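Index from 1, following the sequence. Because the structure is predicted, anything quoted here is derived from the model rather than measured.
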Amino acid sequence: MDALNPTPVRRSEQLGEEIEERIVTGVYPPGMRLDEQELAAAFGVSRTPIREALIQLASIGLVEIRPRRGATVPEMSADRLCEMFEVMAELESMCGRLAARRILPAELARLRDAHQACEEARDAGKPDLYYQLNEVFHRRIYEASHNGFLAEQATALHRRLRPYRRLQLRVRNRMQSSFSEHAGIVEAIVAGDGEQAASLLRAHVVVQGERFTDLVATLRQMNAPAEPEAATAQ
């Protein structure tokens with residue numbers, strides 16, 4: 001498989017990504033009811049893939065589905081988002097520490113392949129593709145921890161934060177800095193330095209200070225109403 005052309009995803013998964021981005025950027029604000037029929041008409045599809053997409057989003061907490069009320073967009077405060085990233089950083093840190101001690105040669109080869117694929121996406125200037133491949137990179141580290149429960153928890157929270165992590169890559173120069181951080185993480189794991197791998201992964205994932213304000217600013221900018229076009233001179 002070409003690294004820059006991943007396996008096509010199902011239509012429901014594509015719809016899920018589009019809906020989740022509209023949720024994150026405020027197009028579908030907190031409290032909004034997500035009517036299946038209206039969404040199907042908006043996306044030009046049947047209700048079946050929309051229903052599947054909403055179920056997928058509900059499984060990671062981006063949508064709430066209640067009896068007789070259907071799907072709605074839950075509230076997500078900046079403080080809550082920051083807390084979730086703090087937990088994600090610690091989970092990834094633990095995965096990195098264990099992976100540095102337990103990674104097998106074949107797993108190390110797959111991690112390097114994932115790192116190279118990210119490099120190709122970076123060089124192609126494709127942040128959304130980079131993020132898809134970035135998910136594979138992190139998954140390789142989870143697997144190499146050889147702790148199934150930890151990998152499950154990290155994967156679940158990674159999915160919950162997926163749209164926010166993807167948006168970070170649209171901040172100027174973030175894709176380049178992300179790749180450089182990956183390089184240091186791979187080096188630490190290759191060297192078997194668990195504490196360094198843990199420290200680098202924690203810093204790579206945690207969103208605080210300038211990175212958090214950049215993320216919030218990006219969300220606000222994407223949600224800002226379009227400037228009205230100037231009236232044509234008569």
Side-chain angles (χ1 to χ4, degrees), residues 1-66 69-74 76 81 84-85 88 110 113-114 116-140 142-143 151-152 154-171 174-175 178-179 215 218-224 226:
M1 180 181 70
D2 187 339
L4 295 185
N5 294 285
T7 302
V9 297
R10 295 174 56 195
R11 183 59 178 140
S12 61
E13 293 175 356
Q14 293 175 335
L15 289 167
E17 290 184 359
E18 293 180 49
I19 294 170
E20 77 177 20
E21 180 147 335
R22 294 187 184 194
I23 292 172
V24 171
T25 57
V27 176
Y28 297 159
M32 177 178 174
R33 183 170 178 270
L34 300 174
D35 183 83
E36 290 181 9
Q37 188 168 343
E38 292 177 0
L39 290 173
F43 288 103
V45 297
S46 69
R47 293 177 63 177
T48 298
I50 291 293
R51 184 178 303 112
E52 292 174 353
L54 293 176
I55 291 172
Q56 291 166 10
L57 294 177
S59 72
I60 59 173
L62 277 176
V63 164
E64 290 181 351
I65 299 179
R66 298 178 182 177
R69 290 189 58 187
T72 59
V73 180
M76 171 61 77
L81 187 59
M84 292 171 71
F85 268 105
M88 184 79 259
R110 288 195 291 271
D113 287 345
Q116 182 179 352
C118 287
E119 182 178 23
E120 293 175 19
R122 179 206 62 178
D123 292 345
K126 298 180 177 181
D128 286 338
L129 175 57
Y130 179 93
Y131 181 71
Q132 293 177 35
L133 298 168
N134 172 72
E135 281 193 291
V136 175
F137 176 84
H138 284 268
R139 197 179 310 128
R140 295 290 179 259
Y142 303 165
E143 294 166 354
E152 289 171 5
T155 299
L157 188 50
H158 190 120
R159 288 184 62 202
R160 179 66 179 85
L161 290 171
R162 180 171 59 190
Y164 303 98
R165 294 181 74 157
R166 187 171 68 242
L167 281 179
Q168 286 186 82
L169 295 173
R170 298 182 184 177
V171 175
R174 179 57 196 154
M175 188 163 53
S178 171
F179 178 78
L215 175 59
T218 300
L219 290 171
R220 287 174 177 167
Q221 182 179 17
M222 295 183 71
N223 192 31

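For D35, the salt bridge (charged side-chain N to carboxylate O under 4.0 Å, His left out) test picks out R33, with sequence neighbours left out. Legend: residues meeting side chain to side chain contact (heavy atoms under 4.5 Å, CB included) with R122, ordered by chain and number and at least two apart, are E119, Y130, M175, Q176, F179. Partners of E152 under the salt bridge (charged side-chain N to carboxylate O under 4.0 Å, His left out) rule, at least two apart in sequence or in another chain, do not exist in this structure. With sequence neighbours excluded, no residue forms a ring-ring contact (aromatic ring centres under 6.0 Å, His included) with Y131. Checked against salt bridge (charged side-chain N to carboxylate O under 4.0 Å, His left out), E143 has the following partners two or more places apart in sequence or in another chain: R140.
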(request) Test side chain to side chain contact (heavy atoms under 4.5 Å, CB included) on I23 and V63 and set out the steps. (result) CA-CA 9 Å; I23 292 172; V63 164; 3.8 Å; yes

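Put simply, the side chain of E135 reaches to within 4.5 Å of the side chain of R162, judged on heavy atoms. Between L54 and L15, every side-chain heavy-atom pair lies at or beyond the 4.5 Å cut-off. By the 4.5 Å heavy-atom criterion applied to side chains, R174 and P127 are not counted as neighbours.
The CD atom of Q132 sits 6.0 Å away from atom CD of E17, with the distance rounded to the nearest 0.5 Å. Interatomic distance, CZ of R10 versus CD of Q56, reported as 6.5 Å (0.5 Å rounding). Rounding to the nearest 0.5 Å places CG of L57 at 12.5 Å from CD of E64. If you take CG on L157 and CZ on F85, they are separated by 8.5 Å, rounding to the nearest 0.5 Å. Atom CE of M84 is separated from atom CZ of R160 by 4.0 Å, given to the nearest 0.5 angstrom.
Sorted by first and then second residue, the side chain to side chain donor-acceptor pair (under 3.5 Å) pairs with a member in residues 37-50 read E36-R47; sequence neighbours excluded.
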